[in-house]
Amino acid sequence: MIIQRPRGTRDFLPEETERRSQAKKAMQDVLERWGYREVATPTFEHLELFTIKSGASVIEEIYSFKDKGGRDLALRPELTAPVMRMFVSELQNSPKPQRLWYFGNCFRYERPQKGRFREFWQMGCELIGGSKPDSEAEAVALASRMLQSVGVSGDIHIGYLGLIRSILGKIPGEHRSSVMRMIDKKERDALATLLEEIGCSHFGLLELIDSKGESALDRAAQIVADWKPAQEAAAAAPEPVSANEAAAVTSSSSGRGSARQGRAVEAQLHLEEFVQTVDLLKAYGVNFTIDFEIVRGLEYYSGTVFEVYAEGLGAQRQICGGGTYELASLFGGKETSSTGFGLGFDRIMEIVQMNSSRPSPVFMAFTPDVKREAARIASRLRESVPVVMDVMGRGLKAQLKAAASAGADYAVIVGKDELDAGRLTLRDMSGGAQESLLIAEIEARLKAHFQDIC
RNA sequence: GCCGGGAUAGGGUAGUGGUUAUCCUGAGGGACUGUGGAUCCCUCGAGCUGGGUUCGAAUCCCGGUCCCGGCCCCA
């Protein structure tokens, strides 16, 4: 009986594995050119690491288990938390910034579908401890360059949480998380209704998330500017003037007015930060769309957030997500702002146009009586080029046939005649031309051939 | 967790309640005992799994597993 693969897992045959390592290599080269260094973390961690980061609800989708000592463990569902755990316990006192990258398999107990598996691979990086606008621009530009390196073009959408959090600050605490959730889920109508109900529809939140692209920045600036007259108006007029104007503030106390003023100033600072990120990103030559609707749901994101979408992936269009977050302190470390992103490697592989064309090894063909000499010659040649030898006990004819069907460009033939002459036969498999050459000559010839191809 | 479609030699397919068949590929042998992708012949190789109906099931029925697409979710 044949044992099947567990659900949502895959086998990668040589050709696909070759494609994957080529793509990984291309993106890895970009990371290394940007000064990032690879790290690796355990495949399983304490379950708590992930629930602290993402909440208890993720347990549903985690491969978690108790080990024989009764510990609650989990196969990692993502890599940011493990990398930040490692940072907090090992690297906190090392020079900043830390530029780290990773590539690893992750596991989620989900229903498989196009571009979604239970074991999947993430590639990503964390830029730890840098200052915001610069780190953010670097991260987005780096993600863009990595995708470019494998010929994938995606739509980059970048949002900014600083501003949205300022607005949230004006909203009663008990509603904040539902507001965030609705933005994230794009439940626009429900959001409008809720904001109306709690009297917060005038802060410009809907306007902000509705505007996309270049104009979104001006819109945002306008919204922040509108809060200033609001303070003056609030000081002068105790009653809201109009429900549609930012001037319509429900409070009349000067104490709360100054709190608002504080927030407006803060929001303005935030906005300036974001403007710097955007400017720098333009300098990097990256194409992107400003989209304040990108909020990435979670509490620990604090600054710029971004996502990249690609066509041709059905329902799973997102191939990259990231942003600036505060996680170090969640894991017991010092407050450290970091920016990072993860790429969905498997989704990228679905759309990447890459043909693996690794040249087939040289075929060492020999007659049975000179097997030992053939093995020695093969070893010598392997110092410069890939060589395979028959292990099927085939005759010379069958070996050459096998070499041809394996796509070998060259065969080296050795038998008694060759040994007597002190020269080997080099056969060009494409035309069938043969030459009698010294081993050093063959080595040089083959070496040159492989260098041409690779 | 929900909805739909699937599973037949290594890979494609067709078909039928009664030694299935076909295309490609692979292995072994032969035409051909130191020179290849050809051709021909022979052999090997299959119906996801567990149960039921039946004299007989790869085929009909029921569970399960896995795959594909979508919903939910997506750190």
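This is a predicted model, so every value here is computed, not measured. Residue numbers start from 1 in every chain, and the chains themselves are labelled A, B, ... in the order their sequence lines are given, proteins ahead of strands.
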Asker: If you measure only the distance, is there a donor-acceptor pair under 3.5 Å linking the side chains of A/Glu299 and A/Tyr301?
Answerer: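 Side-chain D/A pair, A/Glu299 to A/Tyr301: absent.
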
Asker: Establish, with yes or no, whether the OP1 or OP2 oxygen of B/C72 is under 4.0 angstrom from a side-chain nitrogen or oxygen of A/Lys185.
Answerer: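 Checking A/Lys185 against B/C72: no side-chain N or O falls below 4.0 Å of OP1 or OP2.
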
Asker: Just to confirm, is there a sub-4.0 Å distance from OP1 or OP2 of B/G36 to any side-chain nitrogen or oxygen of A/Lys397?
Answerer: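 So the side-chain polar atoms of A/Lys397 do come within 4.0 Å of the phosphate oxygens OP1 or OP2 of B/G36, strictly under.
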
Asker: Which base, if any, makes a Watson-Crick or G-U wobble pair with B/G15, both distances under 3.5 Å?
Answerer: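 Partner of B/G15: none found under 3.5 Å.
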
Asker: In terms of side-chain heavy atoms of A/Ser54, which of B/G34, B/A75, B/C68 is nearest?
Answerer: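 Comparing B/G34, B/A75, B/C68 against the side chain of A/Ser54, the answer is B/A75.
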
Asker: Given atom CG of A/Asp11 and atom P of B/G11, what is their separation to the nearest angstrom?
Answerer: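 About 12 Å, once rounded to whole Å.
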
Asker: Using the P atoms only, state how far B/C74 lies from B/A58, rounded to an integer number of Å.
Answerer: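 Result for the P pair: 45 Å, nearest Å.
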
Asker: Assign A/Gln122 to base, sugar-phosphate, or nothing according to its heavy-atom contacts below 4.0 angstrom with the strands shown.
Answerer: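 It contacts nothing in the nucleic acid.
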
Asker: Is there a donor on the side chain of A/Glu61 or the base of B/G1 sitting less than 3.5 Å from an acceptor on the other?
Answerer: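 No, the side chain and the base share no sub-3.5 Å donor-acceptor pair.
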
Asker: To the nearest Å, how far apart are A/Lys401 NZ and B/A27 C1'?
Answerer: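 Taking NZ of A/Lys401 and C1' of B/A27, I get 11 Å after rounding.
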
Asker: Does a sphere of radius 6.0 Å around CD in A/Glu38 hold more than 12 heavy atoms from other residues, nucleotides or ligands, not counting ones at 6.0 Å or beyond?
Answerer: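 Yes - once you tally the heavy atoms of other residues, nucleotides and ligands closer than 6.0 Å, there are more than 12.
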
Asker: Searching all strands shown, indicate the nucleotide that pairs with B/A58 (Watson-Crick or G-U wobble; both distances under 3.5 Å).
Answerer: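 Its partner: none found.
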
Asker: Under 4.0 Å, heavy atoms only, any strand: does A/Glu60 hit a base, just the sugar-phosphate, or nothing?
Answerer: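 No contact.
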
Asker: For nucleotides B/G52 and B/C40, find the distance between their P atoms and express it as a whole number of Å.
Answerer: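 My reading of the P atoms in B/G52 and B/C40 gives 47 Å.
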
Asker: What is the distance from OH of A/Tyr63 to P of B/C73, rounded to the nearest Å?
Answerer: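 It is 20 Å, rounded to the nearest whole Å.
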
Asker: Would you classify A/Leu298 as touching base, sugar-phosphate or nothing, given that sugar-phosphate means primed atoms plus P, OP1 and OP2, and contacts are heavy atoms under 4.0 Å?
Answerer: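 If one applies the 4.0 Å heavy-atom cut-off, A/Leu298 turns out to touch the sugar-phosphate alone, with no base involved.
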
Asker: Counting the atoms with a prime plus P, OP1 and OP2 as sugar-phosphate, which does A/Lys114 contact under 4.0 Å by heavy atoms, base, sugar-phosphate, or nothing?
Answerer: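 Sugar-phosphate: the residue A/Lys114, judged by heavy atoms under 4.0 Å, touches backbone atoms but no base.
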
Asker: Check if the side chain of A/Arg116 and the base of B/C73 share a donor-acceptor pair of N or O atoms closer than 3.5 Å.
Answerer: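 Side chain to base: pair found, below 3.5 Å.
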
Asker: Any strand is fair game: report the nucleotide pairing with B/A27 by Watson-Crick or G-U wobble, both distances under 3.5 Å, or none.
Answerer: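 Base-paired to B/U43.
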
Asker: Would you indicate whether A/Tyr63, at its atom OH, is surrounded by more than 12 heavy atoms from other residues, nucleotides or ligands within a distance under 6.0 Å?
Answerer: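 Above 12, so yes.
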
Asker: Using the closest heavy atom to pick a nucleotide of RNA chain B for each, name whichever of A/Phe117 or A/Tyr301 lands nearer the 5' end.
Answerer: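 Going by which nucleotide is closer to the 5' end, it is A/Phe117.
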
Asker: Do A/Tyr410 and A/His449 make the cut of ring centroids closer than 6.0 angstrom?
Answerer: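 Centroid distance A/Tyr410-A/His449: below 6.0 Å, so yes.
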
Asker: Within the 4.0 Å heavy-atom criterion, would you say A/Arg111 contacts the bases, only the backbone, or no part of the nucleic acid?
Answerer: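 Since a base atom lies under 4.0 Å of A/Arg111, the category is base.
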
Asker: Give me the distance, rounded to whole Å, that separates B/G64 from B/G1 when you measure between the P atoms they each carry.
Answerer: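 My reading of the P atoms in B/G64 and B/G1 gives 11 Å.
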
Asker: For the pair made of OH in A/Tyr109 and P in B/C72, what is the distance, rounded to whole Å?
Answerer: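 From A/Tyr109 OH to B/C72 P: 20 Å.
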
Asker: Which whole-number value in Å describes the distance from A/Leu400 CG to B/U33 P?
Answerer: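 After rounding, the reported distance stands at 15 Å.
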
Asker: Counting side-chain heavy atoms from CB outward, which of B/U35, B/G34, B/A75 is closest to A/Glu418?
Answerer: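 Within the option list, the nearest is B/G34.
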
Asker: Could you give the distance separating B/C44 and B/U8 at their P atoms, to the nearest angstrom?
Answerer: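 That atom pair is separated by 22 Å.
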
Asker: Using the P atom on both, measure B/A46 against B/A9 and round to a whole Å.
Answerer: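 Rounded to whole Å, the distance is 10 Å.
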
Asker: Can you tell me how far P in B/A57 sits from the matching atom in B/G51, rounded to whole Å?
Answerer: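 The answer is 13 Å between these two P atoms.
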
Asker: Taking atom C1' in both B/U35 and B/A14, compute the distance separating them and give it to the nearest angstrom.
Answerer: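 Result for the C1' pair: 42 Å, nearest Å.
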
Asker: What residue among A/Glu48, A/Glu326, A/Glu78, A/Glu45 forms salt bridge (charged side-chain N to carboxylate O under 4.0 Å, His left out) with A/Lys53?
Answerer: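 It is A/Glu78; the other options fail the test.
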
Asker: Does A/Glu32 form a salt bridge (Lys or Arg N to Asp or Glu O under 4.0 Å) with A/Arg37? I'd like the steps, not just the answer.
Answerer: CA-CA 7 Å; A/Glu32 285 168 356; A/Arg37 300 207 298 161; over 6 Å; no

Asker: Is the NZ or CZ atom of A/Arg20 positioned over A/Trp121's six-membered ring, under 6.0 angstrom from the centre and within 45° of the axis?
Answerer: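 Relative to the ring axis of A/Trp121, which defines the angle, A/Arg20 lies inside both limits.
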
Asker: For A/Asp417 and B/U35, what is the distance between atoms CG and P respectively, to the nearest whole Å?
Answerer: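 Those two atoms, CG and P, are 11 Å apart.
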
Asker: For A/Glu187 and B/C73, what is the distance between atoms CD and C1' respectively, to the nearest whole Å?
Answerer: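 Computing the A/Glu187:CD to B/C73:C1' distance gives 13 Å.
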
Asker: Taking NZ in A/Lys401 as the centre, count heavy atoms belonging to other residues, nucleotides or ligands within less than 6.0 Å. Is the count above 12?
Answerer: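 Atom NZ in A/Lys401 is not crowded, with 12 or fewer foreign heavy atoms closer than 6.0 Å.
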
Asker: Can you tell me the Watson-Crick or wobble partner of B/G1, both distances under 3.5 angstrom?
Answerer: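 Paired with B/C71.
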
Asker: Would you mind classifying the nucleic acid contact of A/Gly8 as base, sugar-phosphate or nothing, using non-hydrogen atoms under 4.0 angstrom?
Answerer: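 Sugar-phosphate contact only.
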
Asker: Classify A/Tyr300 by what it touches in the nucleic acid, base, sugar-phosphate, or nothing, heavy-atom distance under 4.0 Å.
Answerer: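 Here A/Tyr300 touches the backbone only, sparing every base.
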
Asker: Say you pick atom C1' in B/G17 and the same atom in B/C60; how far apart are they, in whole Å?
Answerer: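 To the nearest whole Å, 8 Å.
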
Asker: Any N or O donor-acceptor pair linking the side chain of A/Arg296 to the base of B/A75 at under 3.5 Å?
Answerer: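 Answer no: no donor N or O sits under 3.5 Å from an acceptor.
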
Asker: Please figure out whether A/Lys416 or A/Lys53 has its closest RNA chain B nucleotide nearer the 5' end.
Answerer: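 On the 5' side of the pair lies A/Lys416.
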
Asker: Closest approach to the side chain of A/Gln113, judged atom by atom: which nucleotide of B/A75, B/C71, B/C66 is it?
Answerer: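 Side chain of A/Gln113 sits closest to B/C71.
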
Asker: At 4.0 Å (heavy atoms only), tell me whether A/Gln399 reaches a base, stays on the sugar-phosphate, or touches nothing.
Answerer: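 Here A/Gln399 touches no strand at all.
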
Asker: Check the distance between B/G34's C1' and A/Asp390's CG and give it to me in whole angstrom.
Answerer: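 Rounded to whole Å, this separation is 14 Å.
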
Asker: Is there a Watson-Crick or G-U wobble partner for B/G34 with both distances under 3.5 Å, and which nucleotide is it?
Answerer: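 In the structure as shown, B/G34 has no Watson-Crick or wobble partner.
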
